[in-house]
Amino acid sequence: MPAHFPSRYSAVTLLMQAFKGHRDWQPQWPDAEPKAEYDVIIVGAGGHGLGAAYYLAKEHGITNVAVIDKGWLGGGNTGRNTTIIRSNYLYDESARLYDHALDLWDGLSQELNYNVMYSRRGVMMLAHNVHDVQSAQRHIHANRLNGVDNKWITAEEAKRICPPLNIDPAARHPVLGAAYQARAGTARHDAVAWGYARGAAARGVDIIQNCPVTAIRRGADGAVTGVETARGFIGAKKVAVSAAGHTSVLMDSAGVRMPLESYPLQALVSEPVKPCFPCVVMSNTVHAYISQSDKGELVIGSGTDQYTSYSQRGGLPLIEHTVAAICEIFPVFSRMKMLRKWGGIVDVTPDRSAILGKTPVPGLFVNCGWGTGGFKATPGAAHLLAHTVATGEPHDINAPFTLERFTTGRLIDEAAAAAVAH
Ligand SMILES: Cc1cc2nc3c(=O)[nH]c(=O)nc-3n(C[C@H](O)[C@H](O)[C@H](O)COP(=O)(O)OP(=O)(O)OC[C@H]3O[C@@H](n4cnc5c(N)ncnc54)[C@H](O)[C@@H]3O)c2cc1C
């Protein structure tokens with residue numbers, strides 16, 4: 001199929017379309033029919049998979065690529081998350097990885113000619129007790145050594161940045177201060193998937209939706225030969241699995257056992273109100289995080305259920321716990337109505353760090369284990385996955401994020417470093 005060239009979005013295009021009654025807009029991407037064979041197949045049309053296809057085409061000239069999804073593109077965790085973007089992780093490896101992503105977020109709207117609404121509104125992580133203060137300070141020092149911006153702010157400074165915050169010292173969860181990354185923020189999740197899809201399709205990538213991949217096939221020499229799908233076998237010498245909570249099932253079909261557990265993670269939104277919440281606030285201790293969308297809804301994140309599941313919905317007790325915590329920290333919101341809640345299936349590794357690289361199967365690559373915090377990594381992970389697939393070797397930045405670290409013991413233990421990884 002020839003490459004699809006959508007019009008470039010600009011004020012001029014908008015004006016010209018207005019004169020034509022907006023009847024001439026082209027589809028952002030065509031719904032492709034699968035070919036018999038591709039150079040590369042990416043399983044999973046989330047932000048990571050679509051982004052990898054985009055960078056494969058743009059930076060490596062590999063355009064005979066299919067991105068295959070069992071549902072609609074962006075319908076997985078990419079379209080279900082609370083969009084917190086930050087890079088103040090503890091370990092050197094993580095700091096490099098997430099800062100690489102943050103650098104790419106900066107110019108992403110221009111790069112894709114698509115407004116991903118990246119907003120550097122600042123993320124603060126509250127400290128409620130002495131342990132929180134010590135842990136936050138440790139993160140801040142480590143981040144600064146890595147050139148990542150993160151600073152300690154007092155409770156009063158936190159209140160100045162975020163007026164609805166309750167800093168009454170008699171509160172059940174008193175605010176003793178916060179770690180604050182000013183460069184961090186949020187973006188519009190759907191737009192990230194749509195922007196990458198449009199950019200990839202424009203360069204000739206096939207995006208195949210509503211086509212579950214049922215198994216990964218290997219040849220007699222053990223190397224990948226392609227994937228079985230609901231629309232039959234599709235051949236490829238390189239397959240990259242980027243299927244978040246469903247990765248372990250797919251990898252199992254190729255004979256690769258993954259150190260992953262899949263849990264529902266929930267979020268909810270309130271009724272829309274006028275702008276009242278100018279930043280993002282996270283509280284790891286009470287496990288709640290909150291921001292305000294451009295539509296005006298308060299976007300509230302909860303925790304993972306205690307049990308593994310593929311149900312894409314979570315238990316009510318967690319939501320109740322989260323809302324109770326939000327009301328304690330922001331009493332001003334206690335009479336707001338909640339509009340809807342949902343869940344996504346997150347893929348959690350034992351050390352809460354991603355796996356991005358080669359596998360023991362020749363031609364098979366994997367990008368997973370982003371768990372509760374992979375949206376922020378989207379451009380970085382996509383960029384690095386494309387590099388790894390194109391060259392057959394990991395980039396320096398993702399080289400430590402191997403599958404083998406769970407046998408060699410070289411873990412990147414963000415699990416112990418932070419109770420929450422959003
Ligand atoms: C409620 C919630 C809140 C979150 N909050 C944050 C946050 O604030 N900040 C942050 O950084 N991260 C957050 N995350 C995590 C983040 O959403 C994910 O880590 C990230 O979006 C993963 O992107 P992805 O492209 O790898 O996966 P996905 O977007 O899930 O894409 C994987 C795709 O694979 C497809 N797929 C699965 N199985 C198959 C198959 N057999 N065949 C074909 N296709 C298949 C799925 O349909 C899906 O579209 C949150 C997640 C949730 C659920």
Side-chain angles (χ1 to χ4, degrees), residues 41-53 66-87 89 98 101-102 105 123 184-187 189-190 192-193 196-197 207-216 227-231 234 240-253 262-269 280 282 289-291 299-305 310 312-314 318-319 322 341-348 354-356 366-382 385 420-422:
I41 289 175
I42 297 173
V43 184
H48 290 216
L50 291 164
V67 186
I68 307 178
D69 203 286
K70 69 184 169 74
W72 67 95
L73 71 84
N77 294 345
T78 297
R80 293 165 185 270
N81 75 90
T82 47
T83 79
I84 298 175
I85 296 171
R86 61 184 180 88
S87 65
Y89 283 70
Y98 290 104
L102 217 52
W105 276 114
V123 174
T186 58
H189 47 14
D190 298 322
V192 176
Y196 274 129
I207 298 169
I208 301 161
Q209 303 183 74
N210 299 311
C211 180
V213 171
T214 49
I216 295 162
V227 296
E228 293 292 345
T229 78
R231 297 194 215 165
I234 309 176
V241 176
S242 187
H246 296 267
T247 302
S248 52
V249 184
L250 279 163
M251 295 296 286
D252 200 40
S253 71
S262 296
Y263 295 94
L265 175 68
Q266 296 183 75
L268 65 160
V269 290
V280 181
M282 303 174 64
Y289 43 104
I290 177 167
S291 63
V299 181
I300 299 172
S302 186
T304 45
D305 282 347
Y310 290 107
Q312 280 198 333
R313 69 180 67 178
L318 268 158
I319 290 287
T322 303
K341 76 171 184 85
W342 63 90
I345 304 303
V346 296
D347 41 337
V348 178
I355 302 168
L356 205 180
V366 73
N367 168 51
C368 65
W370 293 99
T372 59
F375 178 69
K376 64 178 70 61
T378 303
L385 179 60
V420 68
H422 309 289

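Numbering of ligands and ligand atoms starts at 1, following listing order. Please read these numbers as outputs of a predicted model, since none were measured by experiment. All values below were derived from every heavy atom in this structure, side-chain atoms included, with hydrogens, water molecules and symmetry-related copies excluded.
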**Fill in**
Val43 heavy atoms within 4.0 Å reach ligand 1 at atoms 42 (N), 43 (C)
**Prompt:** Has ligand 1 got any nitrogen or oxygen that is less than 3.5 angstrom from a nitrogen or oxygen of Gly49?
**Reply:** no
**Prompt:** Backbone or side chain, does any N or O of Gly374 fall under 3.5 Å from an N or O of ligand 1?
**Reply:** yes
**Message:** So if I count the atoms of ligand 1 from 1 in the order they appear, which ones are less than 4.0 Å from some heavy atom of Trp370?
**Reply:** 19 (O)
**Asked** Would a distance-only check, ignoring hydrogens and angles, find a side-chain to backbone donor-acceptor pair under 3.5 Å from Thr78 to Gly47?
**Response** yes
**Asked** Are Tyr289 and Thr82 side-chain neighbours, meaning at least one heavy-atom pair lies under 4.5 Å?
**Response** yes
**Heteroatom distance test (Phe375, ligand 1): nitrogen or oxygen, under 3.5 angstrom** = yes
**Request:** Please determine, by modelled atom types, if Arg80 and Gln312 share a side-chain donor-acceptor pair under 3.5 angstrom.
**Result:** yes
**Heavy-atom side-chain contact between Leu102 and Ile85 under 4.5 Å** = yes
**Request:** Would you mind running through ligand 1 and noting each atom that sits below 4.0 Å from a heavy atom of Ile68?
**Result:** 43 (C), 44 (N)
**Message:** I'd like to know if the side chain of Thr322 pairs up with that of Ser302 as donor and acceptor (distance under 3.5 Å, no hydrogens or angles considered).
**Reply:** yes
**Message:** Check for me whether Gly373 has a heavy atom closer than 4.0 Å to any atom of ligand 1.
**Reply:** yes
**Request:** Examine Arg80 against ligand 1 and note whether any of their N/O atoms are separated by less than 3.5 Å.
**Result:** no
**Asked** Sequence neighbours excluded, which residues qualify as ring pair (Phe, Tyr, Trp, His ring centres under 6.0 Å) partners of His246?
**Response** Tyr310
**Request:** Using distance alone, decide if ligand 1 has a nitrogen or oxygen within less than 3.5 Å of any nitrogen or oxygen in Lys70.
**Result:** yes
**Request:** Using distance alone, decide if ligand 1 has a nitrogen or oxygen within less than 3.5 Å of any nitrogen or oxygen in Val213.
**Result:** yes
**Message:** Would you say that more than 12 heavy atoms from the other residues, nucleotides or ligands in this model lie under 6.0 Å from the CZ of Arg313, or not?
**Reply:** no
**Prompt:** Within the structure, does His48 bring an N/O atom to less than 3.5 angstrom of an N/O atom in ligand 1?
**Reply:** yes
**Message:** Side chain or backbone, does Thr82 bring an N or O within less than 3.5 Å of an N or O on ligand 1?
**Reply:** yes
**Request:** Could you tell me whether the side chain of Asn81 and the main chain of Asn77 form a donor-acceptor pair under 3.5 Å?
**Result:** yes
**Message:** Could you tell me, atom by atom, which parts of ligand 1 come under 4.0 Å of a heavy atom of Gln266?
**Reply:** 1 (C)
**Asked** Given Leu73, Ile84, Ile42, which one has a non-hydrogen atom that is nearest to atom 7 (C) of ligand 1?
**Response** Ile84
**Request:** For His48 and Asn367, test the side chains for any donor-to-acceptor distance below 3.5 angstrom and give the result as yes or no.
**Result:** yes
**Asked** Counting heavy atoms only, which part of Thr378 comes closer than 4.0 Å to ligand 1: side chain, backbone, both or neither?
**Response** neither
**Asked** Going by the atom numbers of ligand 1, which of them fall below 4.0 Å from some non-hydrogen atom of His246?
**Response** 37 (C), 38 (N)
**Asked** Quick one: which ligand 1 atoms are inside 4.0 Å of a heavy atom on Thr83?
**Response** 7 (C), 8 (O)
**Message:** In terms of relative ring orientation, are Phe375 and Trp105 parallel, tilted or perpendicular, with 30° and 60° separating the classes?
**Reply:** tilted
**Asked** Under 3.5 Å between some N or O of ligand 1 and some N or O of Trp342?
**Response** no
**Prompt:** What atoms of ligand 1 come closer than 4.0 angstrom to any heavy atom of Lys376?
**Reply:** 9 (N), 10 (C), 11 (O)
**Message:** Quick check against the 3.5 Å criterion: does Ser262 have a side-chain atom that pairs as donor or acceptor with the backbone of Asp347?
**Reply:** no
**Prompt:** Taking C-beta and beyond as the side chain, do Gln209 and Lys70 meet within less than 4.5 Å on heavy atoms?
**Reply:** no
**Item:** Gly371: numbered ligand 1 atoms lying under 4.0 Å from its heavy atoms
**Value:** 15 (C), 19 (O)
**Message:** Under 4.0 Å, heavy-atom basis, I'd like to know which part of Ala243 is in contact with ligand 1: side chain, backbone, both or neither.
**Reply:** both
**Request:** For Asp69, check side chain to side chain contact (heavy atoms under 4.5 Å, CB included) against everything at least two apart and list the hits.
**Result:** Ala45
